[in-house]
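Here the structure comes first, spelled out in structure tokens, and everything after it is commentary.
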Amino acid sequence: MRHLAALVPFALLAGLAQPAYAGTISIDGRGEVAAAPDMAMISSGVTTQGVTAREALDANTAAMTDLIATLKEFGIEARDIQTSGFSVNPNYVYSDARDANGYSLPPKINGYQVSNSVTVAVRDLETLGEILDKSVTVGANTINGVTFSVADPADLYNEARKAAFADARAKAELYAGAAGGALEEIISISETKGFNEPQPYPMYARSEMADAAKVPVEGGELSFAINVSVQWELADTSK
């Protein structure tokens with residue numbers, strides 16, 4: 001009993017020594033990691049004209065067949081080539097002429113246009129410039145854009161998460177100290193990815209490109225960002 005009696009005052013003192021609960025604190029943090037891209041997405045295709053839809057389609061099919069064969073010669077696998085657009089449209093000719101009643105005459109069809117496009121994943125960036133050049137050479141007359149990316153950004157995002165949490169905690173400790181408190185248990189953590197997706201830049205084919213050297217391209221760097229919101233319990237240590 002004497003041992004129990006000795007422990008009771010100690011427990012009461014320990015309870016009194018606990019910092020008082022002062023509420024919660026919520027802080028946002030941001031982490032960002034930069035890395036060079038290791039792949040690119042190309043959107044390219046062929047647009048052809050013909051007196052008839054059949055004529056325009058036949059010309060388009062021949063050019064697209066050459067384009068896809070060229071891509072495969074560079075080691076592009078079938079899984080990395082995907083049709084992203086196909087259309088057949090009449091070409092209309094409009095006239096200012098009017099009929100006997102003064103109404104505008106309807107437009108006339110003056111041939112047809114066929115467009116076929118593919119999205120291609122280039123996993124060896126060393127070949128990107130040459131692929132662009134050869135694509136134009138074999139008939140690709142539309143290159144809508146090139147987008148650089150990292151094939152597997154999981155590790156980069158994890159590094160950004162660590163940096164984001166460290167940023168949030170550093171700011172939270174600063175605020176807590178200024179308020180005469182200290183951080184306690186974490187209540188919640190939530191994250192959002194930053195808006196850092198690379199944007200494509202357009203490239204327009206010209207006939208003289210067929211005789212040009214390899215197209216110069218620069219991948220630069222991409223950023224991978226994480227925004228995190230962390231909430232802590234806040235203890236009042238000012239008393």
Side-chain angles (χ1 to χ4, degrees), residues 37-151 197-220 222:
D38 59 13
M39 67 176 293
M41 301 295 292
I42 306 172
S43 177
S44 64
V46 176
T47 298
T48 53
Q49 309 283 340
V51 175
T52 65
R54 179 78 263 171
E55 180 181 315
L57 179 59
D58 289 344
N60 193 283
T61 298
M64 283 299 297
T65 299
D66 290 341
L67 173 59
I68 292 173
T70 297
L71 293 172
K72 291 182 177 180
E73 287 174 4
F74 279 95
I76 306 294
E77 298 181 17
R79 66 186 178 96
D80 288 330
I81 305 173
Q82 184 179 55
T83 297
S84 54
F86 180 83
S87 65
V88 180
N89 294 297
N91 294 324
Y92 290 102
V93 176
Y94 293 85
S95 172
D96 293 331
R98 295 178 180 273
D99 62 18
N101 297 317
Y103 294 105
S104 298
L105 295 176
K108 295 181 179 180
I109 294 177
N110 183 28
Y112 291 83
Q113 175 178 290
V114 175
S115 297
N116 195 347
S117 59
V118 290
T119 300
V120 182
V122 179
R123 301 182 187 276
D124 180 4
L125 292 184
E126 293 295 325
T127 65
L128 179 58
E130 193 173 358
I131 287 175
L132 291 171
D133 176 64
K134 294 297 183 182
S135 296
V136 174
T137 301
V138 299
N141 53 16
T142 304
I143 300 180
N144 295 316
V146 178
T147 302
F148 294 96
S149 62
V150 171
E197 292 299 322
Q199 298 298 314
Y201 61 89
M203 300 183 64
Y204 300 98
R206 302 192 307 269
S207 58
E208 61 266 28
M209 286 181 66
D211 298 323
K214 181 174 69 173
V215 177
V217 291
E218 297 294 337
L222 304 176

Discussion item. Does anything in residues 62-72 form a side-chain hydrogen bond (donor to acceptor under 3.5 Å, both in side chains)? List the pairs, not counting sequence neighbours.
Written reply: none
Worksheet entry | Minimum heavy-atom distance between P37 and L222, given as atom pair plus value | CB-CD1, 3.9 Å
Discussion item. When you compare the side chain of N110 with that of Y92, does any pair of heavy atoms fall below 4.5 Å?
Written reply: no
Worksheet item: Between D124 and T127, which heavy-atom pair has the shortest distance, and what is it?
Response: O-OG1, 2.8 Å
Discussion item. Let me confirm one number: the CD-CG distance from Q82 to D80, rounded to the nearest 0.5 Å.
Written reply: 10.0 Å
Which donor-acceptor pairs under 3.5 Å do side chains of residues 42-54 form with protein atoms, sequence neighbours excluded?
unit_1: T47; atom_1: OG1; unit_2: S115; atom_2: OG; d: 3.1
unit_1: T48; atom_1: OG1; unit_2: A56; atom_2: O; d: 2.8
unit_1: T48; atom_1: OG1; unit_2: N60; atom_2: ND2; d: 3.4
unit_1: Q49; atom_1: OE1; unit_2: N91; atom_2: ND2; d: 2.7
unit_1: Q49; atom_1: NE2; unit_2: Q113; atom_2: OE1; d: 2.8
unit_1: T52; atom_1: OG1; unit_2: E55; atom_2: N; d: 3.1
unit_1: R54; atom_1: NE; unit_2: D58; atom_2: OD1; d: 3.1
unit_1: R54; atom_1: NH2; unit_2: D58; atom_2: OD1; d: 2.9

Worksheet entry | Heavy-atom side-chain proximity of F86 to L57 below 4.5 angstrom | yes
Worksheet item: Which residues pass the side chain to side chain donor-acceptor pair (under 3.5 Å) test with E73, sequence neighbours left out?
Response: none
Item to complete: Kindly give the heavy-atom pair with the smallest separation between D38 and A151, and that separation in Å.
Response: OD1-N, 2.8 Å
Worksheet item: Just how far is it from atom OG of S149 to atom CZ of R123, taken to the nearest 0.5 Å?
Response: 8.5 Å
Worksheet item: Can you check whether F148 reaches L125 side chain to side chain, under 4.5 Å on heavy atoms?
Response: yes
Worksheet entry | Inter-residue atom distance S135.OG - N141.CG, 0.5 Å rounding | 11.5 Å
Item to complete: Drop me the distance from D133's CG to L128's CG, to the nearest 0.5 angstrom.
Response: 11.5 Å
Worksheet item: Any side-chain heavy atom of V120 within less than 4.5 Å of one from I131?
Response: no
